[in-house]
Amino acid sequence: MGIDKKSEPLNRVDGRAKVTGKAKYFAEFEVPGVTFCVMVTSAITRGTVATINTKTAERAPGVLAVFTHLNMPAIPGWAEQGNNSKLPSGGEKYRMLGSNKILFNGQPIALVIADTLERAQHAASLVTATYNKAEHNTDLLKNKEKAAMPPRMGDYSRGTDKDAHNTAPVKLKADYTVPVEVHNPMELAGILAFWEGGDKLTVYAKTQGVKSTQRTLASAFKIDEKNVQVHSEFVGGGFGMGLRTWPQEVAVAAAALKLKKPVKLVMTREQMFTLVGYRPYTIQHISMGATQDGQLTGIYHEATAETASYDDFTEGAVSMTRFMYACPNVTTKYRIVPLDRGVPIWMRGPGEATGAFALESAIDEMAYKVNMDPIQFRLKNFAETDPERNKPFSSNNLKEAYQLGSEKIGWAKRNPAPASMKDGEWQVGYGMSTGVFGAHRGESTCRAQLNPDGTLVLQSATSDIGPGTSTAMVQIAHEVTGLPIEKIRFELGNAAFPPSGSQGGSATVSSVGSAVFDVCTALKGILTEAGLTFDNGTVKPASGKSESLQDVLSKQNKTFFEVTKSSKGGEEQNKYSMYSFSIHFAEVRVHPATGVVRVKRVVTIADSGRIVSPKTAASQMIGGVTGGIGMALTEEGVIDHRFGRFVNNNLADYHVPVSADVPHIETIFIDKPDPYTNPMGSKGMGEIALIGFSAAVANAVYHATGKRIRELPITPDKVLSA
Amino acid sequence: MNQFSYVRVTSKESAIAAMAKDKTAMFLAGGTNLVDLMKSGVTNPERLVDINKLPLATIEETKTGLRIGALAKNTAVAENALVIKHFPLLSQALKAGASPQLRNMATVGGNMMQRTRCHYFYDTAMPCNKRNPGSGCGAIGGFNRMHAIFGASDKCIAVHPSDMCVALVALDAIVTVAGPKGERKIPFGDFHRLPGDTPQQDNNLQRGELIIAVDIPFNQLSANTHYLKVRDRASYAFALVSAGAAMQIKGGNITDVRLAMGGVAHKPWRLKEAEAWLKGKPATEENFRKAAELSMAQAKSQEGNAFKLTLAPNTIVEALKTAAAQA
Ligand SMILES: Cc1cc2nc3c(=O)[nH]c(=O)nc-3n(C[C@H](O)[C@H](O)[C@H](O)COP(=O)(O)OP(=O)(O)OC[C@H]3O[C@@H](n4cnc5c(N)ncnc54)[C@H](O)[C@@H]3O)c2cc1C
Ligand code: SF4
């Protein structure tokens with residue numbers, strides 16, 4: 001049983017609260033007696049703190065405490081986890097303020113807590129430290145020989161001719177670079193923490209997973225999960241940086257415990273570059289072979305990415321290559337290089353976006369080498385079934401998507417020869433690419449409460465970092481029950497609600513939505529038993545019955561009906577290969593004299609099953625493409641490796657795209673239900689909106705200029721020097 | 001941020017007096033640069049002298065040109081009818097700078113006095129001769145993609161980041177400043193300086209002097225102007241290279257021309273040699289290219305900004321071409 005009709009576009013149910021300021025973000029909660037925490041961070045990249053002078057800071061007005069490695073309260077759960085991280089990173093574990101060791105630049109060396117933010121900031125400027133500097137390595141290019149296979153991702157290989165990519169009649173060998181990218185959501189990270197007694201902790205957090213934050217804090221302080229309250233109803237963007245509860249957030253809770261006062265930390269923009277993860281700098285080598293008539297014979301794809309000395313961060317940079325094309329011989333390798341850097345974390349589209357830049361650029365290069373249209377080349381090598389797992393796809397409408405997209409952008413009307421089209425002085429180029437991401441579904445639980453006035457409240461401990469989770473959930477409940485939108489409320493961002501996974505990996509609608517679907521279906525069953533039914537937007541006596549909802553409730557001595565349901569995928573998860581697909585088309589202008597690239601028009605098509613919430617889904621695609629424009633043209637976290645420090649850690653110098661960089665983005669949905677993913681027939685959208693987009697732009701730049709730029713971002717200097 | 005005191009003054013005299021009293025005092029105008037510098041600990045004034053109430057925000061026509069008060073907001077200047085009519089290049093340059101919110105706060109005096117955006121200058125954990133003389137130049141051998149190709153020294157290779165100043169230097173503006181010893185005038189081209197051995201000094205304003213106004217003499221160059229700013233994103237980014245061009249063209253010949261560049265030197269970079277060479281010649285792309293090449297004779301790049309040796313002349317040519325093509 002599922003939903004078979006198309007969804008109506010719905011405005012965000014919390015849109016009004018957001019634009020009127022009624023929606024509260026973690027830093028805005030007012031707790032009586034709150035104190036303010038400011039972090040002092042390391043000016044060196046590796047070594048030890050030799051001396052740290054906190055005397056002047058401690059005497060500054062309003063200061064309550066200065067914590068350093070010398071007096072930081074112990075965090076019991078951390079101590080238990082041993083001191084060394086696993087190989088291949090293998091370094092000493094990062095324990096914030098647990099010792100005088102410095103493992104990366106920007107690591108906190110002191111927490112200053114005062115009665116006002118300004119006083120804390122001032123006191124923080126009075127903390128001075130001396131260091132014993134050790135030599136550091138932050139440059140992946142200079143440390144390639146340390147590349148090692150991460151325990152969480154082995155090499156992949158299929159086919160009988162491992163060397164096919166080298167021996168094919170047409171060969172391509174190319175290296176692609178994706179720089180450090182930093183999530184930089186508008187809202188700064190941090191936490192507000194306070195205790196009742198020594199064992200009940202409440203936090204207002206910026207997190208993509210209230211349950212995971214609850215677990216992290218409970219295990220750090222060795223208290224019962226039930227005793228950790230986590231609130232995070234509104235989050236001002238995450239893009240992945242909120243998938244962990246970071247050490248400084250745990251440390252703030254420890255300070256609050258010690259001081260017996262609420263403590264609030266709001267990080268600085270600069271600290272957002274070093275303490276909440278980033279997309280790792282990744283170099284990729286692709287070697288590809290094909291026959292003269294465009295049949296792929298072999299692909300070799302190796303990605304080498306940075307990680308911290310204390311954690312083996314691993315992501316799916318080579319995943320797409322394993323199954324995307326019907327190529328008989330494929331080998332992929334993923335390597336990590338431990339460096340003196342903070343640990344990376346998934347950033348929107350995660351590794352797949354990094355990998356898709358390389359693969360989809362290489363596919364375009366190969367198409368030109370064999371003289372084929374890039375879409376024809378993809379169709380010629382189309383994988384009807386998943387060649388990695390040897391399973392059918394649960395659904396795959398890519399062919400229709402290629403067709404629709406080429407019509408919309410006018411693909412056939414372009415002159416395919418590179419550097420052949422002009423608009424005044426500007427060179428014109430068209431490029432396209434494919435994006436793909438697993439259509440994941442996790443276990444999720446939802447509680448439904450039907451009130452006597454016929455309003456329905458749904459609760460689940462999930463998060464909303466911006467995609468409009470509540471809107472999609474209300475829409476699902478509306479479709480199952482027929483209740484009008486205004487009568488349904490979905491509540492999230494509270495760890496006390498029934499458990500759900502974190503908002504990541506494009507899985508929220510599929511996972512939580514299924515729980516909403518199931519719980520609403522169960523509620524229908526309960527009503528039937530009680531002689532009631534959902535009828536035309538209200539709860540009515542079933543046919544032949546006469547008692548109203550209120551009558552039944554009072555007769556049963558209840559104030560409301562309630563039901564909680566847990567939901568997860570079944571056998572079908574093993575039978576089918578489940579992916580969500582996207583196709584991006586970009587039309588660019590390149591100015592040959594200045595090297596400036598402008599994205600002029602975008603058509604983006606999502607094959608992501610049935611679209612549950614068309615309006616927020618379109619927003620999701622627009623946001624993803626905007627991130628993709630940043631990845632393609634503007635975003636790069638630059639480190640001066642002599643110092644191991646960022647040299648553009650602010651929003652003036654780290655260039656996220658501004659409105660003038662973002663043209664009209666036409667979003668198209670195939671909108672066909674997937675028969676197997678979940679009861680809604682939906683597949684995820686958050687990642688595919690971005691994955692591959694940078695390759696579409698790079699391919700368009702090639703079409704415009706005849707220049708292949710294999711290192712992101714494509715800034716004017718690279719175009720000029722290519 | 002350090003603790004500081006704040007005083008608001010209402011006359012030029014009291015402003016100058018307030019500065020004379022306190023060696024660490026600084027004028028506060030729009031605050032869009034100074035407050036950032038204070039937050040990052042680069043500049044630590046103990047007293048702020050707020051000059052926003054001084055009657056220096058007017059834009060008026062004089063017998064010989066336009067007089068723009070030092071406190072006129074960047075937005076007000078960019079949108080002023082007299083400015084657009086007589087000196088469209090100035091309006092274009094201003095609009096290419098920063099963001100509307102910043103331009104609404106930023107003043108003409110503050111824009112001239114804004115400090116370099118070199119990151120090593122802003123990060124107190126890094127060496128920088130401009131911030132801390134003798135500590136070394138972090139940008140040399142480091143991240144210097146944005147840095148100077150003209151007039152740099154082995155002490156400092158920073159650029160002045162202003163767009164407005166490129167137009168003002170091209171338009172032969174005159175700066176009036178007032179200090180304890182009275183008023184004096186400084187030609188715009190002499191206002192900013194090259195780093196030499198004292199990069200800590202951005203310009204030739206004496207400590208305690210107040211910028212009063214900028215005068216731009218009338219010219220015949222308003223028909224053919226263009227300000228081209230090449231940057232890493234379409235808006236809200238500093239120039240990799242920018243070029244301002246204003247020409248008078250009669251019968252296809254250039255009878256008068258002004259040309260200047262931004263993002264290439266420690267000061268807005270006027271191209272007088274190229275101007276002289278172009279004067280009297282036909283307004284053709286070929287001539288523009290020759291003038292651009294002439295402008296590059298003294299250029300010297302760093303490891304990270306060699307692309308500017310190509311980008312700068314191309315930007316000059318494009319600016320001249322676009323200016324010449326105006327109706
Ligand atoms: C994110 C960002 C992006 C920007 N992008 C650009 C850009 O693309 N192009 C560009 O040109 N600019 C850009 N700017 C810089 C901006 O133009 C300057 O910050 C602004 O012009 C400074 O003016 P203000 O009035 O705010 O000066 P303030 O910050 O108040 O003062 C700056 C300095 O000038 C001194 N001062 C001010 N008025 C006087 C006076 N009358 N006499 C003597 N001294 C005085 C102050 O003492 C101080 O030292 C950007 C700024 C930011 C923050
Ligand atoms: S270029 Fe100038 S401002 Fe930049 S680090 Fe060197 S001395 Fe400092």
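Keep in mind that this is a model prediction, so the values were computed, not measured.
Pairs passing the salt bridge (Lys or Arg N to Asp or Glu O under 4.0 Å) check and including a residue from residues 309-327 of chain B, sequence neighbours excluded, read E425(A)-K321(B), E285(B)-K321(B), E318(B)-K321(B).
Comparing P313(B), G141(B), G41(B), A237(B) by how many heavy-atom pairs each has under 4.5 Å with chain A, the most go to G141(B). In terms of heavy-atom pairs under 4.5 Å with chain B, the best-connected choice from T634(A), V647(A), V597(A) is V647(A). Ranked by non-hydrogen atom pairs under 4.5 Å with chain A, the options L228(B), D232(B), V230(B) are led by D232(B). Of all the listed residues (E270(A), R645(A), H641(A)), the one sharing the greatest number of non-hydrogen pairs under 4.5 Å with chain B is R645(A). Among V656(A), I629(A), V662(A), the residue with the largest count of heavy-atom pairs under 4.5 Å with chain B is V656(A).
The only option from N111(B), T107(B), L94(B) that meets the side chain to side chain contact (heavy atoms under 4.5 Å, CB included) definition with K73(B) turns out to be T107(B). Under the side-chain hydrogen bond (donor to acceptor under 3.5 Å, both in side chains) rule, R269(A) has a single partner from N650(A), N649(A), N184(A), which is N184(A).
A cation-pi contact links R341(A) to Y278(A), judged by a cut-off of 6.0 Å to the six-membered ring centre and 45° from its axis.
Heavy-atom distances place the side chain of L240(B), and not its backbone, under 4.5 Å from chain A. Heavy atoms of S721(A) lying under 4.5 Å from chain B belong exclusively to its side chain. Using a 4.5 Å cut-off between heavy atoms, L651(A) contacts chain B through its backbone alone, with no side-chain atom that close. Interface residue R231(B): only backbone heavy atoms are found under 4.5 Å from chain A. At a 4.5 Å heavy-atom cutoff, the contact between L633(A) and chain B is made by backbone atoms alone.
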Run the side chain to side chain contact (heavy atoms under 4.5 Å, CB included) check on N224(B) and I254(B) step by step: do they pass?
CA-CA 10 Å; N224(B) 295 92; I254(B) 303 165; over 6 Å; no
One pair to check against side chain to side chain donor-acceptor pair (under 3.5 Å): R289(B) and N314(B). What are the steps and the verdict?
CA-CA 8 Å; R289(B) 173 66 53 191; N314(B) 286 1; 3.0 Å; yes
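W426(A) and H591(A) have perpendicular rings, their planes meeting at more than 60° on a 0 to 90° scale where under 30° would count as parallel.
Using non-hydrogen atoms only and a strict 4.5 Å limit, the part of residues 121-131 of chain B facing chain A consists of D123(B), A125(B), M126(B), P127(B).
Atoms CZ and CG, from R642(A) and D139(A) in turn, are 12.5 Å apart once rounded to the nearest 0.5 Å. One finds the NE2 atom of H655(A) at 10.5 Å from the CD atom of E636(A) (value rounded to the nearest 0.5 Å).
Proximity of V7(B) to R47(B): side-chain heavy atoms (C-beta onward) are separated by under 4.5 Å at one or more points.
Checked against the 6.0 Å centroid criterion, the rings of Y654(A) and F646(A) do not qualify as a close aromatic pair.
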